[in-house]
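Below, all heavy atoms of this structure are taken into account, side chains as well, without hydrogens, waters or symmetry copies. Lettering of chains follows the sequences in order, A, B, ..., and the numbering in each one begins at 1.
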2 protein chains.
Amino acid sequence: MSQRDHPTVQTTQTSLDILSTIQELDGARTTDIVAEHDVAKSTAHKHLTTLERAGYLRKDGEIYHIGFKFLNLGEYARERWSWFAPVKAAVEELADRTEEECDFVVDDHGRVITISESYHKWAKYGAGDGSKRYRANIGTYYPMHATGSGLAILASYPRERVEAIIDEWGLSAPTEHTITSRHELFAELDRIQERGYSIGDRYYAEGLRSVGKAVTGADGTVLGALSVSGPTYRIDGSVLDTEIPRALATVVDSLESELAETVP
Amino acid sequence: MSQRDHPTVQTTQTSLDILSTIQELDGARTTDIVAEHDVAKSTAHKHLTTLERAGYLRKDGEIYHIGFKFLNLGEYARERWSWFAPVKAAVEELADRTEEECDFVVDDHGRVITISESYHKWAKYGAGDGSKRYRANIGTYYPMHATGSGLAILASYPRERVEAIIDEWGLSAPTEHTITSRHELFAELDRIQERGYSIGDRYYAEGLRSVGKAVTGADGTVLGALSVSGPTYRIDGSVLDTEIPRALATVVDSLESELAETVP
DNA sequence: CAGAACGTTCGATTGTGCCAAACTATTAAG
DNA sequence: CTTAATAGTTTGGCACAATCGAACGTTCTG
């Protein structure tokens with residue numbers, strides 16, 4: 001169902017594909033797996049029991065769900081990630097300064113995934129859902145070309161690496177403003193490089209604007225990107241042109257110098 | 001390294017064992033895997049590349065780390081869990097009432113894992129580390145016999161199920177107050193059943209006391225447990241005897257009636 | 001510059017994952 | 001109450017893929 005090629009263990013790949021299917025279907029029974037992949041009933045059964053016994057699946061009646069072991073490993077990956085603590089502090093600092101929703105994402109195999117997220121403490125959101133939406137997006141994947149932070153990261157890559165990512169993931173269009181041609185994309189990336197930060201103007205969701213800036217580690221590689229997001233009516237004018245860029249520049253600067261010290 | 005028996009896919013098991021090892025070692029290179037498991041270098045290599053390409057591992061130089069895909073699946077498991085929303089609200093409600101750290105855990109294959117956690121908004125912790133510790137424990141596994149919430153869940157199980165859990169996980173002793181004999185444990189469980197809530201008195205950590213209460217779903221099965229934790233000097237006297245039990249009873253009651261309606 | 005240590009690639013072999021079919025359990029239908 | 005149908009579980013034989021070991025390429029170390 002996914003990538004082929006020799007140097008992979010097909011059996012493991014099958015198990016992982018089954019996991020993906022269960023996630024996509026929001027829970028699945030043995031028969032569903034058989035229908036989705038072309039494997040024998042008994043094979044599906046064996047894979048499912050193996051994953052279940054290891055804690056990667058949870059069996060609710062006859063239906064298998066993604067197990068909580070993933071929560072354990074996911075939180076582990078997040079918090080043991082070398083730069084988690086300073087990055088998290090930076091996200092909070094940025095949220096305090098901008099009074100908007102801020103997050104930090106990293107490139108995970110050609111998509112960005114949210115590692116840390118923070119809202120300004122004086123909730124500004126509609127109808128008191130402030131604290132509830134806290135960390136609502138952590139662990140979510142986004143296409144790189146459709147988010148401010150993703151674009152900021154892409155702008156730091158050599159052209160062929162960007163090409164490779166597009167080859168793999170395409171240029172999906174969540175809204176009608178999303179960049180969908182390579183030509184446009186590279187023009188945008190050039191502009192980002194000059195400007196030093198990116199603007200995701202309703203690329204991912206209608207009415208949403210985000211400003212992103214890449215964060216470079218001590219070794220010169222880009223670790224990820226910080227971004228500020230909010231509704232277009234607030235992220236506009238001088239806020240968009242000067243306030244947020246200035247906050248981003250300050251926070252990224254101090255984060256980068258902190259990272260330079262932290263590394264052994 | 002773990003369970004054997006027929007109805008499992010050994011190849012998948014090997015991959016999963018490798019994942020565990022990488023977590024335990026806080027990142028590992030190919031050689032480390034070979035040293036830990038008895039597999040050929042080439043085999044380890046194939047497994048590692050398979051897991052890496054699927055996003056389950058992240059390769060940092062020559063060292064493999066747990067990948068961020070786990071974060072994606074973990075958050076998914078958490079938020080798509082049928083009763084997440086009401087449970088999360090209940091944890092926050094409990095934190096508001098008790099002004100202490102509160103959490104909700106579920107039984108995952110004989111250990112409890114923290115699904116939701118909340119601190120009272122007026123941080124009460126030492127030296128301003130309040131917001132920083134937020135959700136520090138989500139995704140963490142604990143032995144059931146050593147936590148208030150775990151004991152509350154155990155108390156709801158038939159004796160043989162408790163025995164089976166002990167057979168698998170033993171009775172580890174994080175502190176010198178931890179219950180380590182089956183006799184003591186069953187006596188404690190009886191007391192919990194009578195009382196209606198559990199007290200974890202420095203069972204897991206010195207100076208920490210927690211009060212737990214099981215939450216029962218509409219179908220009569222126990223979903224998990226809510227608990228309130230804090231330092232022994234605060235969780236004491238009337239707070240321990242009446243205030244917290246009363247708050248727990250109220251919150252669990254309303255949560256259970258909400259759950260009864262929610263389910264189709 | 002030699003030597004070691006590690007990652008990667010490549011065939012040969014054998015173990016094991018896969019399928020198909022039988023069996024059991026549960027549910028629906030007549 | 002019997003029969004049929006659907007889903008899950010278990011079993012055994014075969015072919016293929018996972019495994020191993022050895023060779024190659026690369027990067028560090030002395």
**Contact state string [nucleotides 3-19 of chain C, B base, S sugar-phosphate only, - no protein heavy atom under 4.0 Å]** = ---SBBBB-----SSSB
Using the 3.5 Å cut-off, write out each protein N or O paired with an N or O of nucleotides 24-26 of chain C and the distance between them.
none

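Ion pairing of B:D253 with B:K213 is absent here, as no side-chain N (NZ or NE/NH1/NH2) approaches a carboxylate O to less than 4.0 Å. Between A:D60 and A:R29, no side-chain nitrogen of the basic residue sits less than 4.0 Å from a carboxylate oxygen of the acidic one, so the salt-bridge criterion is not met.
In the model, B:T8 has no side-chain atom that pairs as donor or acceptor with a side-chain atom of A:T50 under 3.5 Å. Side chains of B:T21 and B:H37: a donor on one and an acceptor on the other come within 3.5 Å.
Between B:Y204 and B:Y142, the two ring planes are perpendicular [angle over 60°; tilted spans 30° to 60°].
Each end of the helix from C:dT8-D:dA23 to C:dG30-D:dC1 gets its own axis from five base pairs, and the two axes differ in direction by 40°, given to 10 degrees.
Taking A:T216 as the reference, A:V222, A:E256 meet the side chain to side chain contact (heavy atoms under 4.5 Å, CB included) condition, with sequence neighbours excluded. Legend: residues meeting side-chain hydrogen bond (donor to acceptor under 3.5 Å, both in side chains) with A:S198, ordered by chain and number and at least two apart, are absent.
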Output a table of donor-acceptor pairs, distance under 3.5 Å, between side-chain atoms of residues 104-115 of chain A and any protein atom two or more places apart or on a different chain; print 'none' if there are none.
from, atom 1, to, atom 2, distance (Å)
A:D107, OD1, A:H109, N, 3.4
A:D107, OD1, A:G110, N, 2.9
A:D107, OD2, A:Y157, OH, 2.7
A:D108, OD2, A:Y141, OH, 2.7
A:H109, NE2, B:E52, O, 3.3

**Item:** Trace of the salt bridge (Lys or Arg N to Asp or Glu O under 4.0 Å) decision for A:D167 with A:R182
**Value:** CA-CA 10 Å; A:D167 288 342; A:R182 294 184 186 228; 2.8 Å; yes
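Atom CG in B:D17 sits 9.5 Å away from atom CD in B:E24 (nearest 0.5 Å).
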